[in-house]
Amino acid sequence: MSKNVLVLKHFESPKEAGTYYRLVCLTGTNKGEAYILLGNRIVIGRSEKADIRINDNKASREHAEIVKVEGKWVVTDLGSQNGIVVNDKKVVQAHLKETDKLIVGQSVFKFVKIEVGQTKVIKEEKTEASSNKPSLPIIVLGSLLVIFLIMSGSENNDESTRRQAKENNSYQDVSNDYMNAIRKRQANEDKVLKEKLNVIYQRGLREYREGNYFRAIHEFNLALIIAPGDSQAEYYLRKTKEDLDSAIENYLATADRDENSLKYNSAIVSYCAIIRLLYTVPDDPRHKNAIKQINELESKLGMEQGETYCIKKQQPNQ
């Protein structure tokens with residue numbers, strides 16, 4: 001067990017008097033446990049070396065740390081995959097205040113300050129008996145007192161049990177409401193993001209169908225900026241690049257065949273098609289090669305260099 005925390009049930013308190021700060025777990029397999037922060041740095045995560053170890057698949061091995069800085073507690077995300085949330089807001093670092101709620105993975109903790117007072121011990125003074133043998137009234141009174149104490153203790157235990165059950169239900173209600181609010185907000189954010197992505201997809205697919213491959217690539221890259229790792233955007237982007245390469249290869253093959261058949265004008269048309277496909281990336285080797293081939297064909301046809309329309313179309317300020 002870590003020396004940096006003291007693990008208790010949420011209704012228990014440390015034995016020694018003083019001011020303590022603790023994290024009470026409201027959800028998950030650690031629900032109902034309270035972690036008294038004793039050290040100056042406490043690590044939360046799935047690792048066996050973590051000070052507060054949680055069995056949570058959404059948590060990283062070393063997910064977050066809580067550090068005491070000038071009497072205040074600061075929580076910091078340790079580069080986890082799912083991040084941390086403090087009071088319904090995703091943060092990288094934040095000061096923890098009393099009653100703040102911290103979410104690590106799917107586990108919700110409540111940050112609580114408690115004061116433990118000095119326990120008072122009342123010593124009973126021994127009195128000398130008035131006689132060696134106790135009188136009958138004293139025995140009767142003593143028996144009644146014992147019965148009364150037993151009954152009172154039973155009532156106190158029942159009250160304590162009811163209070164504990166009520167507090168457990170309260171914690172459960174708070175955690176359920178909080179997690180429901182988180183899920184609702186996440187669902188709304190996902191819906192808005194999905195609508196944005198659908199608009200971008202439609203623009204990109206329209207450009208793709210019209211053969212404007214680079215414009216389509218721009219749209220799908222924009223989708224990946226908004227939603228990194230989105231599988232649909234990655235598929236569209238890969239498919240567009242493959243079709244662009246395939247179209248250029250087909251035009252090259254056609255141009256080579258026409259040139260070998262002395263159909264120079266037809267070959268120029270194929271090279272022009274390549275230039276139009278790559279007009280936004282003039283440094284692409286295939287773009288430069290197409291210009292070179294057109295210049296050679298113009299020479300063979302007795303034309304002036306640059307006379308071909310697609311070449312003039314690419315000149316600046318034209």
Side-chain angles (χ1 to χ4, degrees), residues 1-121 160 163-164 166-179 181-182:
M1 184 178 294
S2 172
K3 297 181 180 179
N4 290 326
V5 296
L6 173 64
V7 183
L8 301 172
K9 295 299 181 183
H10 72 267
F11 54 83
E12 295 178 337
S13 300
K15 296 181 179 180
E16 297 183 3
T19 301
Y20 297 90
Y21 291 88
R22 67 180 182 176
L23 287 176
V24 179
C25 187
L26 306 180
T27 63
T29 57
N30 297 44
K31 179 180 177 181
E33 292 188 346
Y35 302 91
I36 308 298
L37 309 183
L38 301 179
N40 291 324
R41 180 179 184 266
I42 291 88
V43 175
I44 305 174
R46 291 188 295 105
S47 171
E48 295 181 358
K49 298 181 180 180
D51 299 298
I52 299 178
R53 186 184 180 191
I54 53 178
N55 185 15
D56 188 334
N57 292 332
K58 297 294 184 180
S60 300
R61 291 181 58 81
E62 291 189 354
H63 196 108
E65 66 175 7
I66 301 178
V67 179
K68 190 175 184 180
V69 180
E70 297 180 354
K72 297 182 179 180
W73 293 94
V74 179
V75 61
T76 304
D77 180 16
L78 294 178
S80 63
Q81 183 176 0
N82 295 313
I84 59 175
V85 175
V86 176
N87 293 335
D88 203 23
K89 183 178 180 181
K90 193 169 185 179
V91 298
V92 176
Q93 188 176 77
H95 281 89
L96 288 177
K97 302 182 293 297
E98 190 174 1
T99 72
D100 277 356
K101 289 184 176 61
L102 168 66
I103 299 179
V104 177
Q106 292 181 326
S107 301
V108 180
F109 296 90
K110 184 177 182 181
F111 185 68
V112 182
K113 176 183 177 182
I114 59 173
E115 300 282 352
V116 179
Q118 183 67 41
T119 304
K120 295 182 179 180
V121 179
S160 176
R163 185 169 60 252
Q164 179 181 342
K166 183 177 180 181
E167 189 172 355
N168 283 337
N169 291 333
S170 176
Y171 275 123
Q172 185 174 2
D173 292 341
V174 170
S175 62
N176 288 341
D177 291 344
Y178 196 69
M179 291 304 296
I182 291 292

Tell me every residue that passes side chain to side chain donor-acceptor pair (under 3.5 Å) with Thr99, counting only those two or more places apart in sequence or in another chain. none
side-chain contact (heavy atoms from CB on, under 4.5 Å) against Arg53, all qualifying residues, sequence neighbours excluded: Glu48
Mind checking salt bridge (charged side-chain N to carboxylate O under 4.0 Å, His left out) for Glu65 and listing every partner two or more places apart, or none if nothing turns up? Arg41
Are side-chain heavy atoms of Thr19 and Lys113 found at a separation under 4.5 Å? yes
Asp51: which residues meet the side chain to side chain donor-acceptor pair (under 3.5 Å) condition with it, sequence neighbours left out? Ser2, Asn4
Identified side chain to side chain contact (heavy atoms under 4.5 Å, CB included) counterpart of Ile66 within the set Leu23, Val74, Ile52: Leu23
Search all heavy atoms of Ala64 against all heavy atoms of Ile84 and return the closest pair with its distance. CB-CG2, 3.9 Å
Salt bridge (charged side-chain N to carboxylate O under 4.0 Å, His left out) partners for Lys97, two or more places apart: Asp100
Of Gln81, Gln106, His63, Arg46, the residue whose pairing with Lys58 passes side chain to side chain contact (heavy atoms under 4.5 Å, CB included): Gln106
Between Asp56 and Ser107, do the side chains contain an N or O donor and an N or O acceptor separated by less than 3.5 Å? yes
How far does CZ of Phe109 sit from NZ of Lys101, to the nearest 0.5 angstrom? 13.5 Å
Atom pair CZ/CG of Phe111 and Leu37 - distance to nearest 0.5 Å: 6.0 Å
Scan Val5, Val75, Ile54 and name whichever one has a side chain to side chain contact (heavy atoms under 4.5 Å, CB included) with Ile44. Ile54
My understanding is that only residues two or more places apart in sequence, or in another chain, count here; which of them pass side chain to side chain donor-acceptor pair (under 3.5 Å) with Ser47? none
Measure the spacing between CD1 of Ile114 and OG of Ser13 and express it to the nearest 0.5 Å. 4.5 Å
Nearest heavy-atom contact between Ile42 and Gly39 is CD1-O, 3.4 Å
Side chain to side chain donor-acceptor pair (under 3.5 Å) filter on Glu12, not counting sequence neighbours, yields none
Is there any side chain to side chain donor-acceptor pair (under 3.5 Å) pair reaching into residues 67-78, and which pairs are they, with sequence neighbours excluded? Thr76-Gln93, Asp77-Ser80
To the nearest 0.5 Å, atom OH of Tyr21 lies from atom CD1 of Ile36 at 12.5 Å
Closest heavy-atom contact between Glu62 and Leu78? O-CB, 3.5 Å
